[in-house]
Enquirer: 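This is the structure I want to talk about, given as structure tokens.
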Amino acid sequence: MTNREPARSREQRKQDVLDHLEKDTDAWVSTASAEGVPTLVPLSFVWDRETLLMATRRTNPTAVNVTPDGQARIALGPTRDVVLIEATAELIEGADLSAESGDAFASKLGWDLRGRSAWVYLRFTPYAVRAWREENELAGRELMAGGRWLE
């Protein structure tokens, strides 16, 4: 299927990505164990201070996997409006989460995990972002590299 719409400018794609980050609620998160076993799960998120803040049970593979090297891939949007994020990850205990971040998470997602020891927060900091809709946008899909938005 070929899209007859012209390719979006880099500026428009960046704005569309930022809109997804502000408005979307769920993402697909991919991590791998130290042995290289992949895990792909849907998690809810809030865009908090240029990072994606998520939560999961501390025993779930996603929480366990972020500790060996702190890497993850995150996908937003449908297959014809892809946002693919490569990020470093850190695990944060609820007691160590700032009040501002905890409040943002609870406000957007309707649940507050602070004080629940079975759960941990995961903060993903993007270092690469790509976005495209159709084949005509593949050439300019890289929007962030090395943690900096491209001009």
Side-chain angles (χ1 to χ4, degrees), residues 1-33 35-92 97 100-113 116 119-151:
M1 182 161 143
T2 302
N3 185 1
R4 300 195 188 275
E5 298 278 329
R8 295 170 292 168
S9 67
R10 179 170 293 178
E11 295 79 22
Q12 184 61 56
R13 285 189 218 195
K14 178 183 174 184
Q15 185 57 56
D16 291 348
V17 167
L18 292 171
D19 288 347
H20 273 294
L21 289 166
E22 285 292 331
K23 296 174 185 173
D24 288 6
T25 303
D26 301 315
W28 287 100
V29 179
S30 175
T31 60
S33 71
E35 296 79 30
V37 177
T39 298
L40 178 66
V41 296
L43 292 175
S44 297
F45 75 93
V46 62
W47 181 237
D48 178 53
R49 294 183 273 172
E50 305 298 312
T51 66
L52 293 99
L53 183 63
M54 303 181 191
T56 190
R57 290 189 178 275
R58 72 176 56 254
T59 55
N60 285 350
T62 302
V64 173
N65 290 349
V66 299
T67 53
D69 66 1
Q71 300 291 310
R73 286 196 176 156
I74 300 163
L76 307 174
T79 57
R80 298 227 184 254
D81 190 9
V82 175
V83 176
L84 185 59
I85 299 167
E86 294 182 39
T88 57
E90 72 176 296
L91 190 136
I92 304 170
L97 188 68
E100 180 183 357
S101 292
D103 292 347
F105 188 92
S107 175
K108 181 177 181 184
L109 302 175
W111 46 305
D112 192 343
L113 302 172
R116 295 176 66 181
W119 293 79
V120 292
Y121 290 91
L122 304 172
R123 185 176 298 281
F124 297 96
T125 303
Y127 62 83
V129 175
R130 293 184 292 284
W132 68 94
R133 288 189 176 153
E134 298 285 345
E135 184 276 330
N136 67 339
E137 291 190 350
L138 290 176
R141 67 184 174 250
E142 190 170 10
L143 302 176
M144 177 187 281
R148 299 184 56 168
W149 292 103
L150 302 175
E151 297 298 321

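Residue indices begin at 1 and follow the sequence shown.
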Enquirer: When Arg13 is tested against each of Arg133, Arg130, Glu137, Glu142 for side-chain contact (heavy atoms from CB on, under 4.5 Å), which residue passes?
Expert: Glu137
Enquirer: Compare every heavy atom of Ala27 with every heavy atom of Phe45, then report the nearest pair and how far apart it is.
Expert: CD2-CB, 3.9 Å
Enquirer: Please report the closest heavy-atom contact between Phe105 and Trp111, naming both atoms and the distance.
Expert: CD2-O, 3.6 Å
Enquirer: Step by step, would you call Leu21 with Ile85 a side-chain contact (heavy atoms from CB on, under 4.5 Å)?
Expert: CA-CA 11 Å; Leu21 289 166; Ile85 299 167; 4.1 Å; yes
Enquirer: With rounding to the nearest 0.5 angstrom, report the CD to CH2 distance, Glu11 to Trp149.
Expert: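 The CH2 atom of Trp149 is 12.0 Å from CD of Glu11, to the nearest 0.5 Å.
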Enquirer: Atom CZ of Arg148 and atom CG of Leu143: how far apart are they, to the nearest 0.5 Å?
Expert: 15.0 Å
Enquirer: List the steps, then state whether side-chain contact (heavy atoms from CB on, under 4.5 Å) holds for Asp81 with His20.
Expert: CA-CA 10 Å; Asp81 190 9; His20 273 294; 3.1 Å; yes
Enquirer: Are there more than 12 heavy atoms of other residues, nucleotides or ligands under 6.0 Å from atom CZ of Arg8?
Expert: yes
Enquirer: Which distance, rounded to the nearest 0.5 Å, do you find between the CD1 of Ile74 and the CH2 of Trp28?
Expert: 13.5 Å
Enquirer: Roughly how far, to the nearest 0.5 Å, is the CZ atom of Arg58 from the CG atom of Leu122?
Expert: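 That separation rounds to 10.5 Å.
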Enquirer: Looking at Ala63 and Leu91, what are the two nearest heavy atoms and their distance?
Expert: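 Nearest heavy atoms, Ala63 then Leu91: O-CD1, 3.7 Å.
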Enquirer: Please identify each residue that fulfils side-chain contact (heavy atoms from CB on, under 4.5 Å) with Ile92, with sequence neighbours left out.
Expert: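 With neighbours one apart ignored, the set is Glu90, Asp96, Leu97, Tyr121, Arg123.
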Enquirer: Tell me the closest heavy-atom pair linking Ala131 and Val17, and the distance in Å.
Expert: CB-CG2, 3.6 Å
Enquirer: Glu50 vs Thr125, test: side-chain contact (heavy atoms from CB on, under 4.5 Å). Steps then yes/no.
Expert: CA-CA 7 Å; Glu50 305 298 312; Thr125 303; over 6 Å; no
Enquirer: Return the minimal non-hydrogen interatomic distance between Ser101 and Leu53, and the atom names on each side.
Expert: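 Residues Ser101 and Leu53, closest heavy atoms: O-CD2, 3.8 Å.
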Enquirer: Without swapping roles, check the side chain of Thr51 against the backbone of Asp48 for a donor-acceptor pair under 3.5 Å.
Expert: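 Yes, the answer is positive, given that a donor and an acceptor are paired below the 3.5 Å cut-off.
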Enquirer: So, the side chain of Asp112 versus the backbone of Gly102: is there a donor-acceptor pair under 3.5 Å, distance only?
Expert: no
Enquirer: With side chains defined as the heavy atoms from C-beta onward, is the minimum distance between Pro61 and Thr56 less than 4.5 Å?
Expert: no
Enquirer: For a quick test of reading the model, state the closest non-hydrogen atom pair linking Val37 to Asn65 and the distance between them.
Expert: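 That closest heavy-atom pairing would be O-ND2, 4.4 Å.
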Enquirer: Mind checking the NZ-CG spacing from Lys108 to Asp103? Nearest 0.5 Å is all I need.
Expert: 15.5 Å
Enquirer: Walk me through whether Phe124 and Val29 qualify under side-chain contact (heavy atoms from CB on, under 4.5 Å).
Expert: CA-CA 10 Å; Phe124 297 96; Val29 179; 3.9 Å; yes
Enquirer: What's the separation between atom CG in Asp24 and atom CG in Leu76, rounded to the nearest 0.5 Å?
Expert: 5.5 Å
Enquirer: Can you name the residues that form a side-chain contact (heavy atoms from CB on, under 4.5 Å) with Glu135, not counting sequence neighbours?
Expert: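 Here the qualifying residues are Leu138.
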